[in-house]
Protein chains: 2
Amino acid sequence: MTDGAQTEKPTLRTLAQATGFAVATVSRALSGDPRIAAKTRAKVSEAAARLGYVPDRAARRLRTGRTQVITLLLHTEHEFLGFTHELLSGITEALDGTGYSVTVVPDSPGADRLAPVRTILRNNLADGLLFTRIETFDPRVRFLMEADFPFVSHGRTEFAAAHPWVDFDNEAFARAAVSHLVARGRRRLGLVLPGEKYTFTQHLRYGFLSAVREAGIDHQIVADVTLDSPHDEIAAALTAARRGPAPPDGYVCVGEVTALVALAVLADTGAVHGVDADIVAKRASPIFDDIRPRIASVREDLRATGHAMAEMLLRRMRGEPPEQLHRLFVPQPRFDVPGR
Amino acid sequence: MTDGAQTEKPTLRTLAQATGFAVATVSRALSGDPRIAAKTRAKVSEAAARLGYVPDRAARRLRTGRTQVITLLLHTEHEFLGFTHELLSGITEALDGTGYSVTVVPDSPGADRLAPVRTILRNNLADGLLFTRIETFDPRVRFLMEADFPFVSHGRTEFAAAHPWVDFDNEAFARAAVSHLVARGRRRLGLVLPGEKYTFTQHLRYGFLSAVREAGIDHQIVADVTLDSPHDEIAAALTAARRGPAPPDGYVCVGEVTALVALAVLADTGAVHGVDADIVAKRASPIFDDIRPRIASVREDLRATGHAMAEMLLRRMRGEPPEQLHRLFVPQPRFDVPGR
DNA sequence: TAGCGCTATTGAAACGTTATAAATCGGTGC
DNA sequence: GCACCGATTTATAACGTTTCAATAGCGCTA
């Protein structure tokens, strides 16, 4: 108890006493203020390192209003396999060592998607926001642009004003998928789309339709279900289509789940993958290499995506204008067909 | 500018002015202190609701030392499909409305697993901790018990002292898996285990071995690879075993990935699932229903797990003793074989 | 009516930081 | 010798909350 003071958590006052400078000087020295003499700065940093000083986040936050927190709105309804894991890993990786921490808040697409954003701004819970599943005129994007609050969206909008985004080129994916299937002689392609409101749905549809038209082949966009529908509903819709007069002989699948469902439907209706129909898919996880029969697929690297989003957000928070802040991940033109 | 005061973020002082009480009174009234007159409390709450008062987290944190943050250490190396997504969804769900937020910090099993924990305690970054992939004598558990810091582990340890945990009964799973395969006439079972250090590895091995011995059948624990090994290494090991003198006719798979790899190995070596061998698996995501051939599986409900972990942590943080705080999810005794 | 004991309220201090404005100091110019 | 200057440093206030110790009010008892 007598020497307890030694183990106390060091604060600016501790450093001030240790160096002989005033608290204010120490603070400014640590922040690298050029108006503090270089020698003083060196002394203070040395003492800080020696005593293991770490600034108190709460105090800094109270004083400056900055939280040192970045929040990810986590889409809860549906998951592309591994999406959350990979994206989060990329984000934490990029933020490692920056002093920022990542909090996760659920984004329930059924509920008001704006509500969590409002709460975060109102209660000052974060300095920046990341979110996914962007709508063409996403209310969150509109709100945040008006509030001039830093964010990066995973996906684009159709607003006129520029905002930071990272996206995967789903139009190119759809085109490539179609031409892959066409090259294999397929003449009637099926597609299950995500919900109508999402921007990437428009990109997928456009890419798919224009490629299909250019190739002069037939197509079918499966009605009444989306990627987020329960598996059995997707299966039912695909089964109905297979039993119809002109079943597709090729499928473009936007996620692993749809691909697996399509594969199951083929099997369950007595069709053989590679013979009666081919499937190509976009995947986030490496599991496709292990699926038999092998499915051709293109990988969306969500770890890299998360990394890029977090880095871009840091830049935006540092004040960079949004005009240059966007990045489109373009899929490899060739589909990986897992090796023999 | 003249009426700008109206839009200022309300603080305790605002409420004090609005109600005529002192700041201290308002604070205590809102915290429900019984020494404040009921009428006063009512008045204050009414004003708080009317003005939309929300306590400032930074200020509260600075004053009390409590962060209102719960941190999840996210195991980055390997993911059981959907694990992260489901677990996180369960956690955020349980914490919704409690005022706690969830931050995510990477837990790299290659690196020092204790390091992030040390940082969190030292810099007071959270009030409680959740983590997975528990080792038999997990250094994080030991450290946190010594520091008397609230946490809930996803998995048990072999320490004598009690600590809060949530776990899945992997021993029961292994037993059930074996008896399922035995009932189908299988006589030589293969198993791929997680890394040796993890507690659940011991549970799986014990359950597997004792069930196998009771049934008087043969077995093979695949050597040199773990669940976390690269897919191709697992595949190579399984393939080698299949080509050996006595290939297994049944596989117990602890995750989706292993199951898919095993299935692929069967296909690639010309064996037929359901004829030459059967696979049973533990799964976290619902995708198994879509795999063909159908694989019998038991589900570990990670959303419920996350929910239970977060709720338990809240109770622990409220001061409940650890002795009663644990919960074992026992698998359904029957394996789901996806319906026809 | 003075004093007591109780309830309800309050003033002030503190948590650790940063920003503003002011102070210190050696040297310069006149 | 005095006012002034630039370069450093410092005292102080403030961010919004909680809590300790003190105060005010008031009905009761002696």
Side-chain angles (χ1 to χ4, degrees), chain A residues 4-5 7-45 47-48 51-69 99-100 122-125 127, chain B residues 4-5 7-45 47-48 51-69 99-101 122-127:
Chain A
T7 59
E8 292 293 308
K9 183 181 148 199
T11 142
L12 282 185
R13 220 172 54 196
T14 321
L15 290 189
Q17 283 163 353
T19 57
F21 293 104
V23 169
T25 311
V26 173
S27 169
R28 308 246 304 266
L30 286 177
S31 75
D33 189 321
R35 298 183 312 177
I36 297 291
K39 202 154 74 172
T40 305
R41 272 183 285 168
K43 254 190 214 159
V44 170
S45 327
L51 299 178
Y53 168 76
V54 181
D56 183 282
R57 301 173 81 112
R60 179 177 280 180
R61 177 169 170 175
L62 176 60
R63 181 60 233 240
T64 65
R66 260 165 277 126
T67 62
Q68 299 273 95
V69 164
Y100 281 93
R122 163 173 242 283
N123 301 354
N124 188 217
L125 300 181
D127 296 340
Chain B
T7 59
E8 291 294 307
K9 184 181 145 197
T11 144
L12 282 185
R13 221 172 54 197
T14 321
L15 290 189
Q17 283 162 354
T19 58
F21 292 104
V23 168
T25 310
V26 172
S27 169
R28 307 246 305 264
L30 286 177
S31 75
D33 189 323
R35 299 184 313 181
I36 296 292
K39 202 155 74 175
T40 306
R41 273 182 286 167
K43 251 190 215 159
V44 170
S45 327
L51 299 180
Y53 169 76
V54 180
D56 182 281
R57 300 173 81 111
R60 178 178 281 180
R61 178 168 170 176
L62 176 60
R63 179 62 231 239
T64 65
R66 261 165 277 124
T67 62
Q68 299 273 93
V69 164
Y100 281 93
S101 54
R122 164 172 240 285
N123 301 353
N124 189 218
L125 300 181
D127 296 340

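Heavy atoms only: backbone and side chains are in, while hydrogens, waters and symmetry mates are out. All values derive from a computational prediction rather than experimental measurement. In the text below, chain A, chain B and the rest are named by the order of the sequence lines, each starting its count at 1.
- C:dT18 atom P lies 8 Å from atom CG of A:Leu30, rounded to whole Å.
- For B:Ala47, the side chain to side chain contact (heavy atoms under 4.5 Å, CB included) partners are B:Leu15, B:Thr19, B:Arg50, not counting sequence neighbours.
- Per the geometry, CD1 belonging to A:Ile36 stands 13 Å off P belonging to C:dA19, to the nearest Å.
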Using nucleotides 17-20 of chain D, report all nitrogen or oxygen pairs with the protein that are shorter than 3.5 Å.
unit_1, atom_1, unit_2, atom_2, d
D:dT17, OP1, B:Tyr53, OH, 2.4
D:dT17, OP1, B:Asp56, N, 3.2
D:dT17, OP2, B:Thr11, OG1, 2.8
D:dT17, OP2, B:Leu12, N, 2.7
D:dT18, OP1, B:Arg60, NE, 3.1
D:dT18, OP1, B:Arg60, NH2, 3.3
D:dT18, OP2, B:Ser27, OG, 2.7
D:dT18, O2, B:Arg63, NH1, 2.0

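- Comparing the helix axis at one end of the helix from C:dT1-D:dA30 to C:dC30-D:dG1 with that at the other, each defined from 5 consecutive pairs, gives an inter-axis angle of 80° (nearest 10°).
- Partners of B:Asp56 by salt bridge (Lys or Arg N to Asp or Glu O under 4.0 Å), not counting sequence neighbours, listed by chain and number: B:Lys9.
- The distance between atom CG of A:Leu62 and atom P of D:dA14, rounded to the nearest whole Å, is 14 Å.
- Partners of B:Arg122 by side chain to side chain contact (heavy atoms under 4.5 Å, CB included), not counting sequence neighbours, listed by chain and number: A:Val54.
- The side chain to side chain contact (heavy atoms under 4.5 Å, CB included) search around A:Val69 returns A:Thr67, A:Thr71, A:Ser101, A:Thr103, A:Ala126, not counting sequence neighbours.
- The side chain to side chain contact (heavy atoms under 4.5 Å, CB included) check on B:Arg66 picks up B:Thr64, B:Asp127, with sequence neighbours excluded.
- Atom OG1 of residue A:Thr11 and atom CD of residue A:Gln17 lie 9.0 Å apart, to the nearest 0.5 angstrom.
- Distance CG (A:Asn124) to C1' (D:dC15): 12 Å, rounded to an integer number of Å.
- Between A:Arg57 atom CZ and C:dT17 atom P there is a gap of 13 Å when expressed in whole angstrom units.
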Listing, residues 25-34 of chain B side-chain donor-acceptor contacts under 3.5 Å, not counting sequence neighbours, or none:
unit_1, atom_1, unit_2, atom_2, d
B:Arg28, NE, B:Asp33, OD2, 2.9
B:Ser31, OG, B:Arg28, O, 3.0
B:Asp33, OD1, B:Arg35, N, 2.8

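- Put simply, CZ on A:Arg41 is 9 Å from P on D:dT8, counting in whole angstrom units.
- Taking the side-chain hydrogen bond (donor to acceptor under 3.5 Å, both in side chains) definition, one finds that B:Asn124 meets it with nothing, sequence neighbours left out.
- Rounded to whole angstrom, the span from the CG atom of B:Asp33 across to the P atom of C:dT9 amounts to 11 Å.
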